[in-house]
Amino acid sequence: MNESNLLQLTLLIPLLALLGIQLTARRENIREAVSLTAASALFFTVTQLYQPMLNGDVIAAHWLDILPGLALAFRVEPLGLMFALVASFLWIITTLYAIGYMRGHGEKNQTRFFSLFALSIGAVMGIAFAENLFTLFIFYEVLTLCTYPLVTHAGTDKARAGGRIYLGILLGTSVGFFLLAIIATWLLAGTLSFQQGGVFSPGTSLALLSVLLGLFVFGVGKAAIMPFHRWLPAAMVAPTPVSALLHAVAVVKAGVFVLLKICLLIFGIETLQAIPATEWLLYLAGISILLASIIALRQQNLKKRLAYSTVSQLGYITLGALLATSAGMTGSALHIVMHAFGKITLFFCAGAILVAAHKTEVNQLYGLGRQMPVTMSAFLVASLCIIGIPPTGGTWSKWYLMLGTFEAEQWILMVLLMISSLLSIAYLLPIPLRAFFSSSTQDSADARAPAGEASAIREAPLPSLIALGITAAGCIYLLLFPNAFYALIEAGI
């Protein structure tokens with residue numbers, strides 16, 4: 001099979017999975033086997049594009065002409081392949097986790113969950129391999145619409161309220177800013193195709209480009225830059241596998257990936273450096289990082305703390321892209337990978353704690369490490385990855401981001417990143433440390449539990465435990481063997 005067919009297969013496998021899941025809806029073991037098989041097939045297919053991409057082969061597919069020069073088309077480029085590799089691999093792991101979680105928690109509408117999850121991954125593949133902004137926008141909106149029912153999965157008033165915020169902000173920013181930016185790009189550059197070095201001619205007005213860059217930054221609402229971040233905490237009403245999808249596999253990663261791709265392949269590094277608005281937007285990303293870290297520190301609900309942590313970490317990726325230096329872009333791209341593995345592990349652990357111990361608050365987790373040592377060990381590893389210290393891969397991305405601020409001579413932002421890392425230590429590390437080294441009867445009256453209840457707590461169901469173990473191991477693996485992703489980033493930048 002040639003590479004063009006493989007590219008198209010990455011878009012079709014999730015649709016075939018959707019069909020298979022629907023046909024086997026009444027036989028849950030077969031339905032879940034279909035999900036796992038499709039996820040594995042997709043990851044295998046994406047890996048087959050890796051070496052041809054590095055060899056310089058042009059891998060493209062043209063589906064439909066809308067207008068002259070405006071087409072629904074796809075092309076494999078290095079950063080898109082990096083994103084597709086991460087998303088397709090984590091689809092396997094999240095499906096495995098969801099099997100244990102959905103059954104252990106007695107969730108309803110499981111067929112709908114697995115179906116929409118497959119459709120979401122299909123949208124992610126479209127975003128990753130989009131040849132132009134038009135194609136990217138179509139799949140970006142499909143991702144919003146097919147994740148909305150997942151956010152409102154519980155069907156409660158709270159879930160519906162969270163879903164309205166989710167849909168309102170994401171569709172509002174897309175139509176109000178993103179679509180307008182795409183139209184302006186078409187008028188200014190005469191093309192929407194991604195190009196190395198950017199699409200704008202040297203004589204394009206810097207004032208217009210400043211406005212355009214602002215429209216893109218605020219229009220990509222999935223990147224959760226303040227003040228358009230409220231959808232992310234609101235979406236925490238969703239089941240934990242959906243939170244993992246939102247934070248690590250698809251939605252927010254799609255947002256920051258799109259911003260990175262636009263900065264690199266629509267504007268280009270040299271144009272970004274010349275645009276006056278770039279520095280203002282850099283400081284906006286810095287403020288988003290700092291404020292979200294402070295808010296996370298004050299959250300007692302575990303999932304909300306992790307949600308605001310995500311807002312902060314997305315700011316790192318946006319900041320790295322806007323630094324417009326080679327090291328900044330590298331750090332931004334690497335942090336997409338490192339944050340994906342770290343944050344999905346944290347949410348897996350939060351879900352495991354909910355299923356096995358029925359606890360949702362940070363001050364309820366004292367001493368829990370004795371009953372759930374595997375889960376809390378994984379939480380510790382993932383926390384180190386988000387903070388950016390050994391023995392985890394987050395070390396590399398944080399290093400390149402710091403190097404990017406040095407190259408750009410942005411000393412205030414360098415200090416801000418250091419402060420944010422200290423805050424992330426403060427809101428993440430105490431959770432596993434107190435779980436292992438505090439008793440359940442000390443520190444807080446709220447943390448006390450009857451002895452019989454405490455002794456009855458065990459680890460989460462085996463599929464979920466395997467999944468969080470794999471992603472935690474991935475955090476360590478990426479410190480030792482980051483070269484596969486680094487080669488793609490080097491080729492793309």
Side-chain angles (χ1 to χ4, degrees), residues 14-15 17-18 21-22 25 28 31-32 35 87 90-91 94-95 97-124 127 139-176 220-224 228-255 299 301-308 310-311 314 343-344 346-348 350-351 354-355 358 360 464:
L15 295 179
L18 172 63
I21 290 165
Q22 289 295 318
E28 61 181 21
R31 177 195 66 202
E32 290 157 5
S35 294
L90 291 181
W91 185 22
T94 308
T95 300
Y97 177 87
I99 292 170
Y101 179 94
M102 301 300 276
R103 293 190 184 188
H105 206 233
E107 293 282 350
K108 298 179 180 178
N109 302 313
Q110 294 186 26
T111 297
R112 184 181 69 186
F113 167 83
F114 285 108
S115 298
L116 289 170
F117 207 116
L119 195 58
S120 300
I121 296 297
V124 168
I127 292 169
F139 283 92
Y140 182 92
E141 295 307 303
V142 169
L143 180 60
T144 299
L145 295 174
C146 64
T147 49
Y148 167 73
L150 292 172
V151 172
T152 59
H153 180 86
T156 62
D157 290 340
K158 188 176 180 181
R160 285 189 286 268
R164 285 193 295 271
I165 295 172
Y166 177 82
L167 201 61
I169 292 177
L170 293 188
L171 287 182
T173 52
S174 288
V175 176
V220 183
K222 291 183 177 70
F228 300 107
H229 69 287
R230 287 187 58 245
W231 66 268
L232 195 51
M236 290 305 95
V237 296
T240 300
V242 177
S243 299
L245 172 73
L246 295 175
H247 288 255
V249 184
V251 180
V252 299
K253 290 303 177 297
Q299 300 300 310
N301 181 274
L302 180 56
K303 285 182 68 175
K304 282 192 175 182
R305 182 173 292 198
L306 297 181
Y308 278 104
T310 296
V311 175
L314 295 179
K343 190 51 63 75
I344 201 170
L346 291 175
F347 273 104
F348 282 173
L354 176 62
V355 169
H358 310 292
T360 60
S464 298

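- Residues passing the side-chain hydrogen bond (donor to acceptor under 3.5 Å, both in side chains) test with Thr360: none are found, sequence neighbours excluded.
- When all heavy atoms are compared, the tightest approach of Leu150 to Ser120 is CD1-OG, 4.1 Å.
- For Ser174, the side-chain contact (heavy atoms from CB on, under 4.5 Å) partners are Phe137, Tyr140, Glu141, not counting sequence neighbours.
- Taking a 6.0 Å sphere around CZ of Arg112, one finds it holds more than 12 heavy atoms contributed by other residues, nucleotides or ligands.
- Put simply, the side chain of Arg31 never gets that close to the backbone of Ile21: no donor and acceptor are under 3.5 Å apart.
- Side-chain contact check for Leu119 versus Leu143: every heavy-atom pair is 4.5 Å or farther apart.
- Interatomic distance, CG of Leu346 versus NZ of Lys303, reported as 13.0 Å (0.5 Å rounding).
- Closest approach of Leu302 to Ala350, counting heavy atoms only: CD2-CB, 3.8 Å.
- Every residue two or more places apart in sequence or in another chain was checked for a ring-ring contact (aromatic ring centres under 6.0 Å, His included) with Phe114, and none qualifies.
- Looking at residues two or more places apart in sequence or on another chain, you find no side-chain hydrogen bond (donor to acceptor under 3.5 Å, both in side chains) involving Glu28.
- Taking CH2 of Trp91 as the start and OG of Ser35 as the end, the distance is 7.0 Å to the nearest 0.5 Å.
- The shortest non-hydrogen separation linking Thr310 to Lys343 is OG1-NZ, 2.8 Å.
- By the side-chain contact (heavy atoms from CB on, under 4.5 Å) test, Ala159 is found to be paired with Ala154, Thr156, Val237, residues two or more places apart in sequence or in another chain being considered.
- With no hydrogens or angles considered, no side-chain donor-acceptor pair links Tyr166 and Thr144 at under 3.5 Å.
- For Thr173, the side-chain contact (heavy atoms from CB on, under 4.5 Å) partners are Ile169, Phe177, Phe228, not counting sequence neighbours.
- Between the Thr152 side chain and the Arg160 main chain, no donor and acceptor come within less than 3.5 Å of each other.
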Stepwise side-chain contact (heavy atoms from CB on, under 4.5 Å) test for Lys222 and Val252: CA-CA 5 Å; Lys222 291 183 177 70; Val252 299; 5.8 Å; no
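- In this structure, Trp231 and Gly221 approach most closely via the heavy-atom pair NE1-O, 3.0 Å.
- Counted by atom type alone, Gln22 and Ser115 present one or more donor-acceptor pairs between their side chains at under 3.5 Å.
- Closest approach of Ala17 and Ala118 over heavy atoms only: CB-CB, 4.1 Å.
- Nearest heavy-atom pair across Ala223 and Leu314 is O-CD1, 3.3 Å.
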